[in-house]
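Shown next, in structure tokens, is the structure this report addresses.
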Protein chains: 2
Amino acid sequence: MKIGELAKAADTPVETIRYYERAGLLPETARTESNYRIYGEAQRDRLLFIRRCRRLDMTLDEIRLLLRFKDSPDENCAQVNELIDAHIGHVSVRIKELENLERQLKTLRQTCREARESRQCGILNGLSASQESGPLMGRTTTDD
Amino acid sequence: MKIGELAKAADTPVETIRYYERAGLLPETARTESNYRIYGEAQRDRLLFIRRCRRLDMTLDEIRLLLRFKDSPDENCAQVNELIDAHIGHVSVRIKELENLERQLKTLRQTCREARESRQCGILNGLSASQESGPLMGRTTTDD
DNA sequence: CATTGACTCTATAGCAGCTACGGAGTTTTT
DNA sequence: AAAAACTCCGTAGCTGCTATAGAGTCAATG
């Protein structure tokens with residue numbers, strides 16, 4: 001199949017497929033006389049694999065590693081397990097960070113519940129650092 | 001103060017300060033005869049404001065908007081409130097996405113609890129898409 | 001007073017992971 | 001035969017920095 005068909009089959013923009021080739025995730029493939037790329041099922045499966053990993057938010061580097069293991073089925077997969085564990089670790093750290101953030105933002109939002117002049121806006125004032133102590137906890141101006 | 005001192009005062013790399021200037025977040029500032037940037041307290045506060053926002057994961061575009069309101073204290077701050085609400089929305093969406101991801105990754109991880117040959121690795125096989133149905137739920141090879 | 005070291009300047013390139021051009025050639029459809 | 005749709009390549013853009021290179025400036029030391 002040609003690149004456009006592959007693009008459809010894997011729901012991936014054509015540009016991205018070429019990008020993956022350049023990035024070394026997809027091998028350089030056969031070409032027609034007129035220099036069009038031609039793909040087979042194996043390549044499509046490989047691309048689907050990549051996309052699946054991307055949907056799990058893996059980096060291209062991580063995916064490269066996984067592909068190496070796929071390409072050498074005799075090797076021991078311990079590193080794959082490690083990678084996934086590490087990835088899970090990153091994700092859960094990020095979740096905690098974002099939950100923290102969410103809490104801070106909501107607290108901040110409380111400081112200006114209604115529209116008013118910017119100079120009195122609790123949010124702007126809250127962001128106008130003075131003490132770097134708590135996570136924006138020190139209330140400044142409030143509605144109540 | 002010179003840029004290096006400001007950098008210390010706001011715990012921000014010198015390069016980043018210059019970057020913020022180029023990006024229009026910090027105004028072009030006065031210079032010494034020898035073309036060194038000179039900053040006052042106002043600029044330092046502005047930088048601290050920016051950094052505080054960044055720690056809340058706001059984009060530079062969002063921060064630019066907030067700065068506009070800070071710069072015109074007479075205006076109504078409704079848009080500030082909107083921005084924060086929208087930002088909270090983004091963050092909580094992202095949290096949900098990541099929680100989903102975490103669940104998927106953990107499920108995937110279960111499919112290969114011990115090291116073995118790559119060809120038998122439940123993770124690699126699980127990622128080797130076949131049906132795009134569930135969130136990687138279809139168990140393939142398992143340890144038990 | 002000369003030299004070293006720390007600082008500053010600008011301009012430019014790099015990171016990730018694409019996305020979007022522009023301009024040319026090819027293939028398919030009408 | 002002409003038009004539409006596809007493909008090619010190279011390059012530039014996005015975000016928010018970070019890291020060079022090469023030059024100039026300033027403070028402290030020998």
Side-chain angles (χ1 to χ4, degrees), chain A residues 1-26 28-39 43-44 46-67 83 86-87 90-91 94 97 101, chain B residues 1-39 43 46-67 83 86-87 90-91 94 97 101:
Chain A
M1 59 186 130
K2 286 191 285 183
I3 199 168
E5 301 169 75
L6 176 61
K8 248 173 226 148
D11 194 28
T12 304
V14 167
E15 314 287 340
T16 301
I17 297 174
R18 283 196 282 252
Y19 171 74
Y20 287 158
E21 181 183 310
R22 253 176 303 154
L25 294 171
L26 291 174
E28 300 202 7
T29 189
R31 302 281 187 127
T32 66
E33 276 182 32
S34 52
N35 204 31
Y36 284 14
R37 291 171 180 81
I38 299 292
Y39 299 93
Q43 324 262 68
R44 187 206 46 202
R46 197 181 177 89
L47 178 53
L48 285 171
F49 181 91
I50 295 169
R51 291 256 110 188
R52 221 150 203 243
C53 292
R54 284 296 295 140
R55 252 178 283 137
L56 295 175
D57 239 23
M58 297 182 197
T59 65
L60 298 192
D61 261 354
E62 290 174 322
I63 299 172
R64 251 181 289 266
L65 183 65
L66 293 182
L67 285 169
L83 188 155
H87 192 55
H90 299 151
V91 170
R94 188 59 185 150
E97 285 173 358
L101 217 55
Chain B
M1 56 185 132
K2 285 191 285 183
I3 199 168
E5 301 169 74
L6 176 61
K8 247 173 226 148
D11 193 29
T12 303
V14 167
E15 314 287 340
T16 302
I17 297 174
R18 284 197 282 251
Y19 171 74
Y20 287 158
E21 182 183 310
R22 252 175 303 152
L25 294 171
L26 290 173
E28 302 201 7
T29 189
R31 303 280 188 128
T32 66
E33 276 183 32
S34 52
N35 204 32
Y36 285 14
R37 289 171 181 82
I38 299 291
Y39 299 93
Q43 325 261 69
R46 196 179 178 90
L47 178 54
L48 285 171
F49 180 92
I50 294 169
R51 291 256 109 189
R52 219 148 206 246
C53 293
R54 284 295 295 141
R55 251 176 284 136
L56 295 175
D57 239 22
M58 296 182 198
T59 65
L60 299 191
D61 261 354
E62 289 175 324
I63 299 173
R64 250 182 290 265
L65 183 66
L66 292 182
L67 286 169
L83 188 154
H87 191 54
H90 299 150
V91 170
R94 187 61 184 150
E97 285 173 0
L101 218 55

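Below, chains carry the letters A, B, ... as their sequence lines are ordered, and counting in each starts from 1.
- For B:Arg94 and A:Asp57, the salt-bridge test passes: some basic side-chain N is under 4.0 Å from an acidic carboxylate O.
- Between A:Arg18 and A:Glu15, at least one side-chain N (NZ, or NE/NH1/NH2) sits under 4.0 Å from a carboxylate O, which counts as a salt bridge.
- Remark on DNA chain D: of its neighbouring residues B:Ser34 and B:Asp61, the 5'-side contact belongs to B:Asp61, judged by nearest-heavy-atom nucleotide.
- What separates CD1 of B:Ile3 from P of D:dT18 is a distance of 14 Å, to the nearest Å.
- The stretch residues 7-31 of chain B comes close to DNA chain C through B:Arg18, B:Arg31, each having a heavy atom under 4.0 Å from the strand.
- Heavy atoms only, all atoms of each residue included: A:Leu26 and A:Arg46 are closest at CD2-CD, 4.0 Å.
- A residue-by-residue look at B:Thr32 and B:Arg54 shows that B:Arg54 has its nearest nucleotide of DNA chain D further toward the 5' end.
- Extent of DNA chain C lying under 4.0 Å from chain A heavy atoms, first and last nucleotide in 5' to 3' order, is C:dG17 to C:dT27.
- The CG atom of B:Leu60 sits 4 Å away from the P atom of D:dG16 (whole-angstrom rounding).
- Scanning both residues, B:Ile38 and B:Thr32, for their nearest heavy atoms gives CD1-CG2, 3.2 Å.
- If you measure from atom CG of A:Asn35 to atom P of D:dC6, you get 19 Å, rounded to the nearest angstrom.
- In this structure, B:Lys2 places its NZ atom 6 Å from C1' of D:dC26, rounding to the nearest Å.
- Side chain to side chain, B:Tyr20 and B:Arg51 meet the donor-acceptor criterion of an N or O pair below 3.5 Å.
- The residue A:Arg51 sits close only to the backbone: its heavy atoms come under 4.0 Å of sugar-phosphate atoms, none of a base.
- Taking atom CD1 of B:Ile63 as the reference point, atom C1' of D:dG16 lies 10 Å away to the nearest angstrom.
- Annotation for B:Leu60 and B:Arg54: closest pair CD2-CD, 3.7 Å, computed over non-hydrogen atoms.
- As a whole-Å value, the separation of A:Tyr39 OH from D:dT7 C1' is 11 Å.
- Within 4.0 Å (heavy atoms only), A:Thr59 reaches sugar-phosphate atoms of the nucleic acid but no base atom.
- Between A:Leu83 and A:Glu62, the shortest heavy-atom distance links the atoms CD1-O, 3.7 Å.
- The two residues A:Leu47 and A:Ala10 make their nearest non-hydrogen contact at CD2-CB, 3.5 Å.
- Here the closest heavy-atom approach between residue B:Val14 and residue B:Ala7 is recorded as CG2-CB, 3.7 Å.
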